[in-house]
Amino acid sequence: MSALETLDVEAFTDYLARHERKSLLRFLTCGSVDDGKSTLIGRLLYDTKLLFEDQLKSLERDSRKHGTVGEDIDFALLVDGLEAEREQGITIDVAYRFFATDVRKFIVADTPGHEQYTRNMATGASNSDLAVILVDARHGILTQTRRHSFIVSLLGIRHVVLAVNKIDLVGYSKDVFDRIVEEYRQFAADFGFKTLQPIPLSARFGDNVLDRGPNISWYSGPTLVEHLETVNVEDENLDKPFRMPVQWVNRPNLDFRGFSGTIASGRIRPGDPVVVAKSGRASTVKAIVTYDGDKPEAQAGEALTLTLADEVDVSRGDVLTTPDQRPEVSDQFAANLIWMADEPLLPGRSYLFKLGTKTVSGQVTEIKHKTDVNTFSKLAAKTLALNEVGVVNVALSEPIAFDAYTQNRDTGAFIVIDRLSNLTVGAGMVEFGLRRATNIHWQALDVSKESRAALKGQKPAVLWFTGLSGAGKSTIANLVEKKLHSLGRHTYTLDGDNIRHGLNKDLGFTDADRVENIRRVAETARLFVDAGLIVLVSFISPFRSERRLARELVEPGEFLEIFVDTPLEVAETRDPKGLYKKARQGQIKNFTGIDSPYEAPENAEIRLDTTSGTAEELAERIVSYLVANDFVI
Amino acid sequence: MSANRLTHLKRLEAESIHIIREVAAEFKNPVMLYSIGKDSSVMLHLAMKAFHPSKPPFPLLHVDTTWKFREMVRFRDETAKRLGLDLIVHTNKEGVAQGITPFTHGSSAYTGIMKTDALKAALTQYGFDAAFGGARRDEEKSRAKERIFSFRTQTHAWDPKNQRPELWKLYNARVKPGESIRVFPLSNWTELDIWQYILLENIPIVPLYFAAERPVVNRDGMLIMVDDDRLPLNPGETPENRLIRFRTLGCYPLTGAMESDAATLPEIVREMLIARTSERSGRLIDHDEAASMEKKKREGYF
């Protein structure tokens, strides 16, 4: 760029104008610790003159302190950012780097290659159009190469560079290169890559990174930078049907009502017909409003505000779409899911799902299989652990609009959020909607819950007794039911132990089975509430999220959580069934309070301190509560 | 390349607008930290674009250490007035009362008390659950791994090991009471992108970025502008007028100027492109040690 110094202001203004017209390519690099990935990125920054003098100085200083290449500059030190990882010598998170040439700006997602970092690679890949997969020429295709390629393909990347690095260490051998390329092409054949460009290079010495170098004369293809500059990743989203997830309803005054969002795919012009995907309401685009004035046309990737010709009900989370090719609308779909949390996925547990601009609660109903990311084989699974990948069925609390991820990355991707910790625990890609949701319609019944309850002169409810084993749940529930019965009320008790002899006899005591156990009981309780009954559920139900699931299945106000609060020492002393003793002796695994957690309720409707009164007194307190709150009329 | 293809600046702009809108839609009480610098100017411009014809649905917050350049303060007040936005100016009054200055307590303690602590106190006082900042990933190595939505605990601390994975455009905005998210809509912009965008969009910036004759003293190779008579002069030190400008703006006693005759935007960009000193080296606070920024961030500095 030193030529700039000779440009006069006018020529420089032209230069700037050219640079404003650059395109943008986002790519990720994947390779393991020793493949020289950080060195390659450092080399790209260095060769494209993106380093400043003081950075160079501190690089030279750091090279002497931490470097692994003797007196030379260790380019890896440029990009290994955090103190902790510099000391450990490994990259532990996704880092983003920037460089530019005269025609393109590049954003590089630098992701580590260890097995446990599948989640980082998926993160980097989610926003990339291309992947540079590094292979050490000395070692060839390794298990991790297969893993990287699988994840890259899963995340929908269609352009791949196979960078055969350290070619200097195999004597710049063409045979070695050809063999690696051949092997790679064979196993990557099914990955659906549109372009696959193998390049022999040496990141350390710079051969075939920016410049060709004198050592690889047998190679006639592009250098890495040449390829990155010219590869056509033309946004396929432009030619797809119009989609715009609405982010924000723009309402500055009564005369203006616009819908702000980023166009996910396709193009739009004023006068074009649009439909709200979920409701099916139709209108036409009145104007494309931006700060820089109304536009005659807009396309995928642009952030703008649309006004419509008709008063149509649209809110955040809705998807505006072209009428002739609409997204699917369903509350169930099959998806690829990558698990990203230490705590495993539990089917049946209630999570939040964010897809586009819509966030809804839902659950994974079934894990069809998990995929071994190294061998690509399909394995049966009851849960997904950190960094595991599987195909699952998802059921949401309400229908949403989506496309298959392979059709549209923006409207087919979702994240899974844990409702208690608020952490992002999973990343999903919709495969297809499950027709079940559209084919099983609710049968409308003439005799309603209200009419059934009215006949009984009561308000149906779930009394959910939760607490440790031996806390007194069943004893108190039994007394409450007797009292209600003598008052002429219609009740039913679902007891944990009894249910496990029948409906749930196929379930064990793992976390996954406990969740399913509760789900079935909660669904049963819901049916009984619908029948107009006061249902007493006596279950340890140790997890907050499952109790929340049960609560959300019935109408607000119908669920009364009763925390039978007994200290562990007291429950253990009582030990009516001798279970604590067995658990302490290791004869029972996963026993709540001993080696499995109990998450106490935070906002229970009723908390019973069982050391504060007799079972009879405590039961009476519940009945009084029911009378006071009109459950018993 | 197709004529339809969005340029890199258009794509960056759209990404930032998307981020800013997500925050407005998902948080209860967001705020935009406004530092008056060029990055803040760009961020504010993007916020104006994001909600047009509405105004941004959040206030601006400036943490005023009382040592900002006078031209910055003037520009700040004019900008808020011109755009019709709410501006909250917060100063650590205890720090002022205790006489904390960059000279008496050293740059590190001063920054900690008057900037970091003041910012945390303001965020707590107003109960903001999201705060936009203008930081970029290209500024400094430890920022390259920063999320766009950066989670902070109830004590505003940043734990690099406890950040949420960030995929696609799907930002997780969920926080518990007292927790917050720092949001960086300019994460993927470089310094050059910022300047090109300012040029393209004609965004007003503080005149201190442009070269002019200004009174300075030379301290350990750094040109410090004598912005008012509070700067203690060392024995034998006399301010002299030099043709200078600033690459970054902060507290005047801590911000080094560069000698330059670049008085227009294209000249600034040209100078930047042929510059041999990266951006943050104009700020004294980073010189302490290589990983100082990571340490500062853990404590809650931007």
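A quick note: this is a predicted structure, and the numbers were derived from the prediction, not measured. Letters A, B, ... mirror the listed sequences (proteins, then strands); counts begin at 1. Both backbone and side-chain heavy atoms feed into the values below; hydrogens, waters and symmetry mates do not.
- Taking 4.0 Å as the cut-off between side-chain N and carboxylate O, B:Glu22 and A:Arg316 count as a salt-bridged pair.
- With hydrogens and angles disregarded, a donor-acceptor distance shorter than 3.5 Å links the side chain of A:Lys354 to the backbone of B:Tyr171.
- At distances below 3.5 Å, not a single donor-acceptor pair connects side-chain atoms of B:Asp138 with backbone N or O atoms of A:Arg97.
- Remark: A:Arg104 engages A:Ser23 in a side-chain hydrogen bond (donor to acceptor under 3.5 Å, both in side chains) (not counting sequence neighbours).
- No other option in B:Val175, B:Leu170, B:Thr190 has as many heavy-atom pairs under 4.5 Å with chain A as B:Leu170.
- Between A:Gln247 atom CD and B:Lys169 atom NZ the span is 8.5 Å, to the nearest 0.5 Å.
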Intermediate values then yes/no, side-chain contact (heavy atoms from CB on, under 4.5 Å), B:Lys10 and A:Leu24: CA-CA 10 Å; B:Lys10 277 283 163 202; A:Leu24 176 68; over 6 Å; no

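- Under a 3.5 Å cut-off, the side chain of B:Arg21 and the backbone N or O of A:Gly261 do form a donor-acceptor pair.
- In this structure, no portion of A:Ile263 lies under 4.5 Å from any heavy atom of chain B.
- If you tally non-hydrogen atom pairs under 4.5 Å between each of A:Ile107, A:Asn422, A:Val425 and chain B, the highest count goes to A:Asn422.
- Contact annotation for B:Leu12: only side-chain heavy atoms (C-beta onward) come within less than 4.5 Å of a heavy atom of chain A.
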Given side-chain contact (heavy atoms from CB on, under 4.5 Å), test B:His52 with A:Asn250 step by step and report yes or no. CA-CA 8 Å; B:His52 175 85; A:Asn250 197 335; 5.8 Å; no

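- Note that NZ of B:Lys176 and CG of A:Leu420 are 7.0 Å apart. Values are rounded to the nearest 0.5 Å.
- Side chain of B:Glu166 to backbone of A:Thr123: no donor-acceptor contact under 3.5 angstrom is found.
- Contact annotation: the side chain of A:Gln299 approaches that of B:Leu6 to within less than 4.5 Å [non-hydrogen atoms, C-beta and beyond].
- Between A:Gly428 and B:Trp168 the shortest heavy-atom distance is O-CH2, 3.5 Å.
- Here B:Asp193 pairs with A:Lys105 in a salt bridge; the nearest charged N to carboxylate O distance falls below 4.0 Å.
- Between chain A and the options B:Leu199, B:Leu265, B:Ile17, B:Leu200, the largest number of non-hydrogen pairs under 4.5 Å is found for B:Leu200.
- Proximity to chain A (any heavy atom under 4.5 Å) is shown, for B:Ser16, by neither the backbone nor the side chain.
- In this structure, B:Lys55 has no side-chain hydrogen bond (donor to acceptor under 3.5 Å, both in side chains) partners at least two apart in sequence or on a different chain.
- Remark: aromatic rings of B:Trp189 and A:Phe98 are distant, center separation not under 6.0 Å.
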Chi angles and distances behind the side-chain contact (heavy atoms from CB on, under 4.5 Å) call for A:Val94, B:Lys145: CA-CA 6 Å; A:Val94 188; B:Lys145 304 192 175 188; over 6 Å; no

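- The pair B:Lys49-A:Asp292 meets the salt-bridge criterion, since a charged nitrogen lies less than 4.0 angstrom from a carboxylate oxygen.
- A donor-acceptor pair under 3.5 Å is absent between the side-chain atoms of B:Thr7 and the main chain of A:Arg21, judged by distance alone.
- No part of A:Ser128 comes within reach of chain B, as not one of its non-hydrogen atoms sits under 4.5 angstrom from that chain.
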Output, in order, the C-alpha distance, side-chain angles, deciding distance and verdict of salt bridge (Lys or Arg N to Asp or Glu O under 4.0 Å) for B:Arg11 and A:Glu302. CA-CA 7 Å; B:Arg11 281 181 70 178; A:Glu302 290 187 75; over 6 Å; no

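- For A:Thr290, the part sitting under 4.5 Å from any heavy atom of chain B is the backbone (N, CA, C, O) and nothing else.
- The neighbour count for B:Asp86 CG, taken as heavy atoms of other residues, nucleotides or ligands under 6.0 Å away, does not exceed 12.
- Interface remark: B:Leu9 contributes side-chain atoms only to the contact with chain A (heavy atom separation under 4.5 Å).
- Within the 4.5 angstrom heavy-atom criterion, no atom of A:Asn253 approaches chain B.
- Taking chain B as the reference chain and counting heavy-atom pairs below 4.5 Å, the highest number among A:Ala427, A:Gly258, A:Ser126 is found for A:Ser126.
- Counting heavy atoms from C-beta outward, B:Pro53 and A:Phe256 have side chains that approach closer than 4.5 Å.
- A:Leu304 touches chain B through its backbone: at least one of N, CA, C or O sits under 4.5 Å from a heavy atom, while the side chain does not.
- In this structure, A:Asn127 contributes its side chain and B:Leu167 its backbone to no donor-acceptor pair below 3.5 Å.
- Using a 4.5 Å cut-off between heavy atoms, A:Tyr96 touches chain B through backbone and side chain atoms alike.
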Evaluation steps, side-chain contact (heavy atoms from CB on, under 4.5 Å), between A:Tyr291 and B:Phe51: CA-CA 8 Å; A:Tyr291 179 88; B:Phe51 303 103; over 6 Å; no

